[in-house]
Amino acid sequence: MNPNLKIFITIFCYISGVAGLVTAVLDASSKPAQMTSAVVAGAIGVVFLLSGLILTRKPRY
């Protein structure tokens, strides 16, 4: 994989993950709470954060 593309995708994953988690917190704290969208946004945020972590790991040889 092209290193520049990998860096771009990693940064995108981190930003999307943080945005998903922030959206989940905002949805859960609103009145009335929108728990369905909060859970979906939180799950998507966690998936993107884990993807970013996997992309930043150094390969093991």
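- Hydrophobic side-chain contacts under 4.5 Å tie Ile11 into a cluster, directly or through other members, with Ile7, Ile15.
- Shown here are the side-chain hydrogen bond (donor to acceptor under 3.5 Å, both in side chains) partners of Ser30, two or more places apart in sequence or in another chain: there are none.
- Asn4 pairs by the side-chain contact (heavy atoms from CB on, under 4.5 Å) definition with Asn2, not counting sequence neighbours.
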Taking only distance into account, with no hydrogens and no angle test, what donor-acceptor pairs under 3.5 Å do side-chain atoms of residues 31-55 form with protein atoms, sequence neighbours excluded?
from, atom 1, to, atom 2, distance (Å)
Ser37, OG, Asp27, OD2, 3.2
Ser37, OG, Gln34, O, 3.2
Ser51, OG, Val47, O, 2.8

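- Considering all non-hydrogen atoms of both residues, Ala19 and Thr23 come closest at O-OG1, 2.7 Å.
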